[in-house]
**Q** 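Please see the structure below; I have some questions.
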Amino acid sequence: MNIIDILQNGVLEGLKSLYGLDFTTDKIVISTTRKEFVGDYTLVVFPFTKDTRKKPEEVGEELGAYLKANAPLVADFNVIKGFLNLVVNDSFWLNFLANATQNEHFGRQPRLGKKVMVEFSSPNTNKPLHLGHIRNILLGWSCSQILDAAGYDVVKTQIINDRGIAICKSMLAWRSFGLGATPASTGIKSDHFVGQYYVLFEQKFQEEYKAWQQTEVAKAIFEQKHKPDQDEHIFFKQYKNDYFNQYSDLGRQAREMLLQWEAGDLGIRNLWKMMNNWVYQGFEETYFRLGVNFDKLYYESDTYLLGKEIIDQGLAKGIFYKKEDGSVWIDLTDAKLDHKLVLRSDGTSVYVTQDIGTAQVRYQDFSVERMVYTVADEQNYHFQVLFEIMKRLGEPYADGLYHLSYGMVDLPTGKMKSREGTVVDADDLMAEVIEEARQNMQERSEITDLSVEEREEIIRKIGLAALKFFIIKVQPKKRMVFDPKESVDMQGQTGPYVQNAYVRIRSILRRSATNSLNYADYTNLEVAEKELILKMYAYPDVIQSAAANYDPSEIANYCYDLAKMFHKFYHDFPILRAESEGAKHFRLQLITLIASVLKSAMELLGIEMPERM
RNA sequence: GGUCUCGUAGCUCAGCUGGAUAGAGCAACUGACUUCUAAUCAGUAGGUCUCAGGUUCGAAUCCUGACGGGAUCACCA
């Protein structure tokens with residue numbers, strides 16, 4: 001039982017016995033004591049003043065005395081204004097420390113026997129991964145790890161958007177202008193290779209579009225359709241899609257290719273397979289570098305036709321309705337949403353339809369109770385609609401659907417745009433941040449005795465930690481700013497700072513020859529020592545909370561807090577040269593647990609700890 | 001315009017279901033390595049928590065409204 005629960009119960013009993021009053025636990029607010037006051041936990045007594053008709057100080061004194069006499073855990077208390085500060089028996093903390101150090105799974109919950117699927121990354125196969133994907137991947141990955149630690153059986157998945165007009169653009173450009181070049185023949189990483197042809201298509205298309213704008217047809221369209229406040233430049237910028245669909249020769253070829261693909265044209269399918277395989281190879285490398293993997297892959301080319309049957313069934317049940325033109329809709333206005341199309345008039349599926357079908361397939365494949373979709377917040381509306389539809393269809397897992405929505409990563413200049421070449425590439429970014437770590441390392445002498453390989457491994461861990469921590473420490477739903485020109489920080493509230501705390505501890509433990517620890521005579525804990533123990537006592541709750549909120553930033557901030565407390569402790573107190581053997585042994589035990597919690601917590605974020613740095 | 005979302009120090013961010021004097025880091029300035037790794041620690045300075053109401057013993061936190069940023073409102077995915 002958690003200590004806060006025990007204290008709450010004690011307070012309940014106290015209120016009953018002292019005043020004959022019954023309260024519910026939600027009125028009993030207990031939090032950790034602020035560090036400027038004496039105590040471990042603090043009870044807010046204001047809520048009891050009304051019923052007891054006593055002053056807060058009086059109630060505090062009486063409750064404190066009761067707890068001290070009746071709750072074995074409570075060693076002492078003091079009252080300041082309306083706050084009752086409780087001091088918990090040191091033996092409780094010493095016990096906890098000993099037990100937690102023994103428990104190699106400390107913080108992790110026992111298996112619940114419940115399955116949850118986490119979807120993340122889900123890239124298009126026409127270009128390489130960028131900074132936006134990195135936020136997505138790190139969130140999805142750490143969420144998976146956190147749910148696993150909270151007792152769930154997690155299936156990590158991604159849906160690969162391997163079909164559609166965008167992929168055809170890359171294919172068309174390669175076929176028209178590639179002259180048979182391959183990643184192998186050019187030595188370019190294979191997903192970047194394909195991405196180059198996507199960019200090339202856009203360039204050629206822009207040229208074509210510019211030329212067309214000078215034609216009589218174009219001028220006539222401008223005259224006829226432009227709004228009063230639009231000049232030619234603005235108008236044609238917005239007209240681009242229409243041009244692509246109606247007049248563009250390249251657009252016509254791309255659409256044709258898509259139709260051939262859908263018809264199963266062998267040549268097109270082979271080209272598609274070849275280029276997609278290039279992309280997959282490149283993605284694999286990037287995922288590997290990032291340290292992530294998946295348990296199951298879904299491909300849009302397999303799922304894009306799904307969902308129609310469910311729509312038919314729902315139509316029979318009256319959940320959907322059919323318009324005269326044959327299109328099928330659902331009315332969600334009573335859920336404050338709009339009418340939504342689910343089947344086109346030609347009977348084909350749209351985006352939601354696919355997602356409805358895919359969700360059902362996943363449920364059939366894994367019988368998961370919950371599904372987490374890691375997708376940027378621009379799709380909030382889509383997921384509201386999807387989840388509402390699943391509820392109305394009465395799917396058994398409908399209540400377990402969650403959209404892990406996150407804000408875009410902005411550059412200081414604004415939004416990233418692939419067309420304007422302002423995208424920060426994932427591979428480049430990782431390379432840069434590792435280079436940054438290498439630069440920093442050159443001013444240090446700590447690991448000069450190691451081999452080149454060992455040093456490189458450490459540098460890699462530090463660089464990636466800086467990048468990952470920077471991104472994960474921000475709450476998912478908030479937009480964040482990333483300046484690629486400014487090097488990623490390695491000092492202060494960063495990944496390397498947390499790693500450094502771990503490394504310092506490992507260094508001490510390497511030097512200490514002691515294997516059996518005996519600190520039975522060490523009974524008067526320093527305030528700083530107790531604070532550290534309290535912080536670690538909270539670790540399991542932090543995991544639970546992060547899992548419940550699908551929020552890895554809670555773990556990141558916890559890591560930073562704990563590392564900060566340790567760094568200060570390290571500075572203020574000797575460990576190997578402590579004032580007594582008891583103190584030394586106790587502190588060795590303490591920092592052993594700190595190291596293990598830091599390592600465990602950072603692992604939940606996908607961040608590796610070096611032994612030295 | 002409707003809906004959703006964000007607004008805390010110059011910058012990047014914490015602040016849990018309302019609780020004590022709103023906290024970190026970066027940048028600036030100052031100090032601490034013959035002592036367990038200075039990627040560290042300590043200090044100075046920096047705030048009308050966007051604004052206005054409301055609920056409450058108590059509001060950065062909850063409610064309403066305004067202002068500002070963003071997203072979204074396709075027979076695209």
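Letters A, B, ... mirror the listed sequences (proteins, then strands); counts begin at 1. The shown structure was predicted, so the numbers you read here are calculated from the model rather than taken from an experiment.
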**Q** Please report, rounded to the nearest Å, how far the P atom of B:C73 is from the CG atom of A:D377.
**A**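 Taking atom P of B:C73 as the reference, CG of A:D377 is at 13 Å.
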**Q** Write out a two-atom table: protein N or O, nucleotide N or O from nucleotides 37-39 of chain B, distance below 3.5 Å.
**A**
unit_1 : atom_1 : unit_2 : atom_2 : d
B:U37  : OP1    : A:S507 : OG     : 2.4
B:U37  : OP2    : A:S507 : OG     : 3.2
B:U37  : OP2    : A:R511 : NH2    : 2.9
B:U37  : O2'    : A:R504 : NE     : 3.2
B:U37  : O2     : A:R444 : NH2    : 3.0
B:U37  : O2     : A:E446 : OE2    : 3.2
B:U37  : N3     : A:M613 : O      : 3.0
B:U37  : O4     : A:M613 : N      : 3.1
B:A38  : OP2    : A:R504 : NH2    : 2.5
B:A39  : OP1    : A:R444 : NH1    : 2.5
B:A39  : OP1    : A:R444 : NH2    : 3.2
B:A39  : OP2    : A:R444 : NH1    : 2.3
B:A39  : O5'    : A:R444 : NH1    : 3.3
B:A39  : O4'    : A:Q491 : NE2    : 3.0
B:A39  : O2'    : A:N500 : OD1    : 3.4
B:A39  : N7     : A:R444 : NE     : 2.7
B:A39  : N7     : A:R444 : NH1    : 3.0
B:A39  : N7     : A:R444 : NH2    : 3.3

**Q** Strictly under 3.5 Å: I want the nitrogen or oxygen pairs between protein and nucleotides 9-13 of chain B, one per line.
**A**
unit_1 : atom_1 : unit_2 : atom_2 : d
B:C13  : OP1    : A:V481 : N      : 3.2

**Q** Taking atom types as they are modelled, is there a donor-acceptor pair under 3.5 Å from the base of B:A77 to the side chain of A:D355?
**A**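 No, the side chain and the base share no sub-3.5 Å donor-acceptor pair.
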**Q** Answer with base, sugar-phosphate or nothing: what part of the nucleic acid does A:N245 contact at a heavy-atom distance below 4.0 Å?
**A**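 It contacts nothing in the nucleic acid.
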**Q** With heavy atoms under 4.0 Å as the rule, sort A:E300 into base, sugar-phosphate or nothing.
**A**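 Here A:E300 touches the backbone only, sparing every base.
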**Q** Between the base of B:C75 and the side chain of A:S345, is there a donor-acceptor distance below 3.5 Å?
**A**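 Side chain to base: pair present.
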**Q** Not counting sequence neighbours, which residues clear side chain to side chain donor-acceptor pair (under 3.5 Å) with A:E454? List them please.
**A**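 With sequence neighbours excluded, A:E454 shows a side chain to side chain donor-acceptor pair (under 3.5 Å) to A:S451, given in chain and number order.
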**Q** For A:H382 and B:A74, give me the distance from atom NE2 to atom P, rounded to whole Å.
**A**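 From A:H382 NE2 to B:A74 P: 14 Å.
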**Q** Give A:T42 one of three labels, base, sugar-phosphate or nothing, depending on what nucleic acid heavy atoms sit under 4.0 Å from its own.
**A**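 Result for A:T42 = base.
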**Q** Using a cut-off of 4.0 Å on non-hydrogen atoms, how would the nucleic acid contact of A:F244 be classed: base, sugar-phosphate, or nothing?
**A**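 Touches nothing.
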**Q** Quick one: look up who B:A9 pairs with, Watson-Crick or G-U, both distances under 3.5 Å, and put none if it's unpaired.
**A**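 Base-paired to nothing in any strand shown.
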**Q** When the distance from CG of A:N124 to P of B:A77 is rounded to whole Å, what number comes out?
**A**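 In whole Å, B:A77 P and A:N124 CG are 12 Å from each other.
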**Q** Is the distance from OP1 or OP2 of B:G23 to the nearest side-chain N or O of A:R34 less than 4.0 Å?
**A**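 The answer is yes; a side-chain N or O of A:R34 sits under 4.0 Å from OP1 or OP2.
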